[in-house]
Amino acid sequence: MIIMQLLLVHSHGFDWKVTDKAIKKPESSQDVKMSYSTLESTLVVFISVETNDIPDISNVLAKSCTEIISALKDIGESNLILYPWVHLAKTQPAKPDAALSTLKKIETTLRSKSAELNIVRAPFGYYKSFNLNCKGHALAERSKEILGQSGKVSSEKTAEVTKALTAEQTARSTFHILSVDGKLAPFDKFNYKGQKEFELFVKYETAKDRTVSTPPLHVNVMKNLELVDYEDGSDPGNFRILPRGYIVKRLIEDHVNNMAAQYGAMIVETPLMYSYDHESLKKYLERFPARQYVVQSGNKNYFLRFAACFGQFLTMSDAIISYRQLPLKIFEMAKSFRREQRGELAGLRRLRAFTMPDLHTAISDITMAKKEFDEQFRLAYQYMQDIEVNIETAFRMTTEFFDENKEWVISLIKLLKKPILLELFEIRYAYFILKFEFNVVDTQKKAAALSTVQIDVENSERFDIKYTDSSGKEIYPLLTHCSLSGSTERVIYGIIEEQIKRSQKGSKPQFPLWLSPAQVRILPVSEDYLDFTNTIAEELEQNDIRVEIDDRDLSLGKKIRAAEKLWTPIIIVVGEKELKEGKVSVRYRFNNSQEFQALEEVVEFIQSQTQDKPTYFRVFPKLVSHQPIFSRVV
RNA sequence: GCCGCUGUGGCUUAGUUGGUAGAGCGACAGAUUUGUAAUCUGUUGGUCGUGGGUUCAAGUCCCACCAGCGGCUCCA
């Protein structure tokens with residue numbers, strides 16, 4: 001968040017004169033000079049303040065004073081004029097009394113820091129005429145934006161935030177390995193033999209072992225496959241999705257949408273931006289460090305949502321809910337924004353703008369919570385199977401919850417057929433008492449969470465979500481947060497990284513067939529067979545198969561190469577032989593085989609591999625000669 | 001955000017101690033009409049991430065900024 005703007009000008013003399021009141025209650029004329037004039041060289045600092053309540057005030061004061069003092073030092077100046085100038089503000093200016101008190105604080109801080117300075121402050125809240133005569137040397141003009149470290153929180157609440165954060169930092173947790181047979185072992189005493197990725201995952205989570213230095217490998221792949229690319233014209237961490245990537249993204253999302261709908265969720269769409277002033281949101285924001293994008297509308301500030309919780313909780317809070325309607329499920333495919341620190345961004349693993357499926361459930365009690373958690377856990381697991389990535393699992397909960405529900409937890413993880421990382425907390429520092437995550441381990445040996453489900457015991461009260469029980473009493477329900485797949489972008493990252501690992505072991509990397517941008521590419525041996533090629537393409541398309549035709553005037557070898565470079569799962573070659581016999585030559589990527597078979601067999605194969613999965617159109621030209629090159633190699 | 005590394009045509013890249021950029025792929029034109037991972041010839045295209053500075057002269061040195069990556073921190 002912006003706290004204040006400084007414009008520093010080294011001037012030959014300076015003068016001002018008050019002409020009129022600019023606000024109802026300007027600063028008292030007893031306190032400051034109504035006019036002033038000097039011929040001596042001086043540094044004029046124009047200041048606007050843009051927030052009413054400055055978090056961590058001493059830090060901000062130190063920052064701005066350091067700026068001013070270093071500017072004075074750079075130009076060898078000891079005369080200083082502080083000049084309130086609201087017109088510098090880029091966002092909503094602070095209220096007058098808040099701004100004035102900040103200015104005064106800067107003045108006193110500067111005086112205390114250096115006795116030699118000759119400081120004059122111009123009066124606040126007046127229209128003034130002034131004369132400025134900029135010296136024009138390299139250091140004569142500079143401007144500085146002072147940014148806050150923490151959220152848009154009021155000063156008396158800063159303490160509360162700090163407390164929450166400190167609790168999080170000092171919360172004691174212990175790590176264990178829980179096996180499907182119910183055996184519990186300390187994470188550092190466990191035998192990881194045959195569990196290479198699990199070991200890497202545990203290391204990453206516990207020791208934070210991050211000694212690798214190679215860049216993430218999925219980045220090159222996502223470009224070469226023309227799925228996603230960087231966008232220089234945007235803020236870092238905001239990517240451009242290309243047509244082939246759109247298909248993948250769309251299908252990933254459609255699949256989650258379908259799952260959620262079948263699970264019985266109501267699907268909604270809620271706003272992207274929310275007011276800082278809303279009571280419930282204020283309380284929620286206090287828990288978290290400021291990582292928001294701020295959007296100005298008129299003279300009000302809004303933050304872009306960093307999760308879909310707000311919209312759905314506010315919707316639930318306005319609904320009249322009876323115990324008969326529980327569990328109440330609301331789902332949304334939501335674009336969210338988190339202004340992560342620059343150094344934290346990494347390809348599609350960590351972005352600033354991403355798309356998350358978010359499912360919230362209101363439930364009456366812990367029994368119902370466990371039942372829904374169980375179902376969502378299974379759905380998420382199914383999803384991980386469908387995108388064909390290997391996952392490592394973590395459960396995190398309070399020690400109390402584990403002690404009471406140990407058998408139930410063990411029954412859940414039987415599904416996974418492998419051990420999990422178990423993190424136990426002495427005290428609940430966050431809003432949840434239980435959560436699990438499915439993680440992928442990438443080629444850099446880093447882990448990233450995809451699916452997660454959490455049981456939330458705090459937010460129904462915070463957002464005033466209530467249901468009426470059988471006796472007519474209003475009750476705050478428990479809530480679950482569930483992301484079945486994790487963010488779409490991260491799913492793409494997970495699939496690509498998984499396939500790179502596969503290729504490192506000697507197999508060809510490939511997308512799950514239902515997710516391949518083009519499922520079939522047909523290569524006519526020469527242009528004489530284009531008509532035949534078109535017939536085949538049409539038949540495939542009638543079966544909802546995405547087909548493209550490489551009609552370019554290239555050697556067959558080169559067309560094969562081009563198709564392989566795009567990880568095309570099925571390549572069909574047609575020429576004289578195929579035309580005569582009415583069959584096609586098919587090259588299957590998954591097992592590196594070459595078959596001569598009837599087209600129906602190809603269709604049947606694809607259908608057998610993609611049943612129960614969503615389908616989508618090819619959203620780029622059918623003819624390769626009509627496809628522009630965005631970032632692919634051939 | 002802090003620290004470090006990197007940044008040459010759409011892509012991959014060469015460029016010695018500073019002397020006004022070489023190539024392959026692609027694209028385009030022509031030839032070729034091709035049977036399972038790169039057909040041949042030619043043409044086009046860069047002022048070297050951006051902005052300053054030092055110098056007779058900078059891709060090559062200095063400063064600032066931007067972007068990517070790595071580390072720290074963080075991951076609601």
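Hydrogens, waters and symmetry mates play no part in the numbers below; they use all other heavy atoms, side chains included. A, B, ... follow the sequence lines: proteins, then strands. Residue 1 opens every chain.
To the nearest angstrom, P of B:rA38 lies 14 Å from CG of A:Leu523. As rounded to whole Å, 14 Å separates atom C1' of B:rA76 from atom CZ of A:Arg305. Atom CG in A:Asp235 sits about 9 Å away from atom P in B:rG68, given to the nearest Å. With rounding to whole Å, A:His218 atom NE2 is found 9 Å from B:rG70 atom P. What separates NZ of A:Lys559 from P of B:rU39 is a distance of 11 Å, to the nearest Å. Rounded to an integer number of Å, the gap from A:Tyr230 OH to B:rC66 C1' is 15 Å. As rounded to whole Å, 12 Å separates atom C1' of B:rC75 from atom CZ of A:Phe432. Residue A:Glu423 contributes atom CD, which lies 14 Å from atom C1' of B:rC75 at whole-angstrom precision.
Checked against B:rU33, B:rG1, B:rA76, the side chain of A:Tyr431 finds its nearest nucleotide in B:rA76. Of the candidates B:rU39, B:rG70, B:rA38, the closest approach to any side-chain atom of A:Ser555 belongs to B:rU39. Candidate nucleotides B:rU33, B:rC75, B:rC69 were compared by shortest atom distance to the side chain of A:Glu527, and B:rU33 ranks first. Here the nucleotide nearest the side chain of A:Pro216, chosen from B:rG35, B:rG70, B:rA76, is B:rG70. Side chain of A:Lys558, nearest nucleotide from B:rG26, B:rC74, B:rG35: B:rG26. Taking the side chain of A:Arg342 as heavy atoms from C-beta on, and the options B:rC25, B:rA67, B:rG70, the nearest nucleotide is B:rA67.
Note on A:Glu578: a base of the nucleic acid sits closer than 4.0 angstrom, heavy atoms only. Residue A:Lys577 is in base contact, counting any heavy-atom pair closer than 4.0 Å across all strands shown. Contact annotation for A:Gly557: backbone-only contact, meaning every heavy-atom pair under 4.0 Å involves sugar-phosphate atoms and none involves a base. Residue A:Lys508 is classed as a base contact, given a heavy-atom separation below 4.0 Å to a base.
To the nearest whole angstrom, the two C1' atoms, one in B:rG49 and one in B:rU60, are 16 Å apart. On the P atoms, B:rU6 is 14 Å away from B:rG15, given to the nearest whole Å. Look at the C1' atom in both B:rG51 and B:rU43: the space between them is 35 Å, to the nearest Å. Nucleotides B:rA58 and B:rC62, compared at atom C1', are 11 Å apart to the nearest Å. The gap from the P atom of B:rU73 to that of B:rC3 amounts to 16 Å, rounded to the nearest Å. Across the C1' atoms, B:rC28 and B:rC48 are found 25 Å apart, a figure rounded to whole Å. Comparing B:rC2 with B:rU44, their C1' atoms sit 46 Å apart, to the nearest whole Å. B:rG46 and B:rA64 have their C1' atoms separated by 25 Å, with the value rounded to a whole Å.
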Please determine whether ring-ring contact (aromatic ring centres under 6.0 Å, His included) holds for the pair A:Phe425 and A:Phe401, giving the CA-CA distance in whole Å, both sets of side-chain angles, and the decisive distance to 0.1 Å.
CA-CA 10 Å; A:Phe425 300 101; A:Phe401 186 93; over 10 Å; no
Please walk me through it: do A:Phe306 and A:Phe337 pass ring-ring contact (aromatic ring centres under 6.0 Å, His included)?
CA-CA 5 Å; A:Phe306 44 80; A:Phe337 302 83; over 10 Å; no
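Within the 3.5 Å criterion, the main-chain N or O of A:Gly311 finds a donor-acceptor partner in the side chain of A:Thr315.
By the salt bridge (Lys or Arg N to Asp or Glu O under 4.0 Å) test, A:Asp235 pairs with A:Arg352, sequence neighbours left out. In this structure, A:Arg561 has no salt bridge (Lys or Arg N to Asp or Glu O under 4.0 Å) partners at least two apart in sequence or on a different chain. A:Phe590 meets the side-chain contact (heavy atoms from CB on, under 4.5 Å) test with A:Gln510, A:Tyr588, A:Phe605; sequence neighbours excluded. Residues forming a side-chain contact (heavy atoms from CB on, under 4.5 Å) with A:Val457 (at least two apart in sequence, or on another chain): A:Arg428, A:Ile433, A:Leu478. Residues satisfying the salt bridge (Lys or Arg N to Asp or Glu O under 4.0 Å) test with A:Lys558, not counting sequence neighbours, are none. For A:Glu581, the side-chain contact (heavy atoms from CB on, under 4.5 Å) test picks out A:Lys577, A:Phe596, with sequence neighbours left out. Looking at residues two or more places apart in sequence or on another chain, you find a side-chain contact (heavy atoms from CB on, under 4.5 Å) between A:Leu200 and A:Val441, A:Lys445. Residues satisfying the salt bridge (Lys or Arg N to Asp or Glu O under 4.0 Å) test with A:Arg490, not counting sequence neighbours, are none.
Contact check on A:Glu344 versus A:Arg349 returns no salt bridge, with no Lys/Arg side-chain nitrogen under 4.0 Å from an Asp/Glu carboxylate oxygen.
Take the nearest nucleotide of RNA chain B for A:Glu564 and for A:Arg552: the residue whose nucleotide is more 5' is A:Arg552. Comparing A:Leu556 and A:His481, the nucleotide of RNA chain B nearest to each residue sits closer to the 5' end for A:Leu556.
Between A:Lys446 and the phosphate of B:rG71, there is a side-chain N or O to OP1/OP2 separation shorter than 4.0 Å.
Between A:Trp567 and A:Phe511, the ring-plane angle classifies as tilted under the 30° and 60° cut-offs. Ring orientation note: the planes of A:Phe377 and A:Phe373 are close to parallel, at an angle under 30° on the 30°/60° scale.
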How would RNA chain B look in dot-bracket form, 5' to 3', counting Watson-Crick and G-U wobble pairs with both distances under 3.5 Å and writing | for bases paired to another strand?
((((((((.[[[[.)...(..]]]].(((((.......))))).....[[[[[..)....]]]]])))))))....
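Side-chain polar atoms of A:Tyr529 and A:Glu576 form a donor-acceptor pair below 3.5 angstrom. No side-chain N or O of A:Asn224 forms a donor-acceptor pair with one of A:Lys565 less than 3.5 Å apart. A donor and an acceptor atom, one from each side chain of A:Glu489 and A:Thr355, are located under 3.5 Å apart.
With hydrogens and angles ignored, no donor-acceptor pair under 3.5 angstrom links the side chain of A:Gln444 to the base of B:rG70.
Of the residues in residues 624-634 of chain A, A:Ile629 come within less than 4.0 Å of RNA chain B through at least one heavy atom, sorted by number. For the segment residues 582-593 of chain A, residues with any heavy atom less than 4.0 angstrom from an atom of RNA chain B are, sorted by number, A:Ser585, A:Arg587. For residues 343-353 of chain A, proximity to RNA chain B is found at A:Gly343, A:Glu344, A:Leu345, A:Ala346, A:Gly347, A:Arg350, defined as any non-hydrogen atom under 4.0 angstrom from a strand atom.
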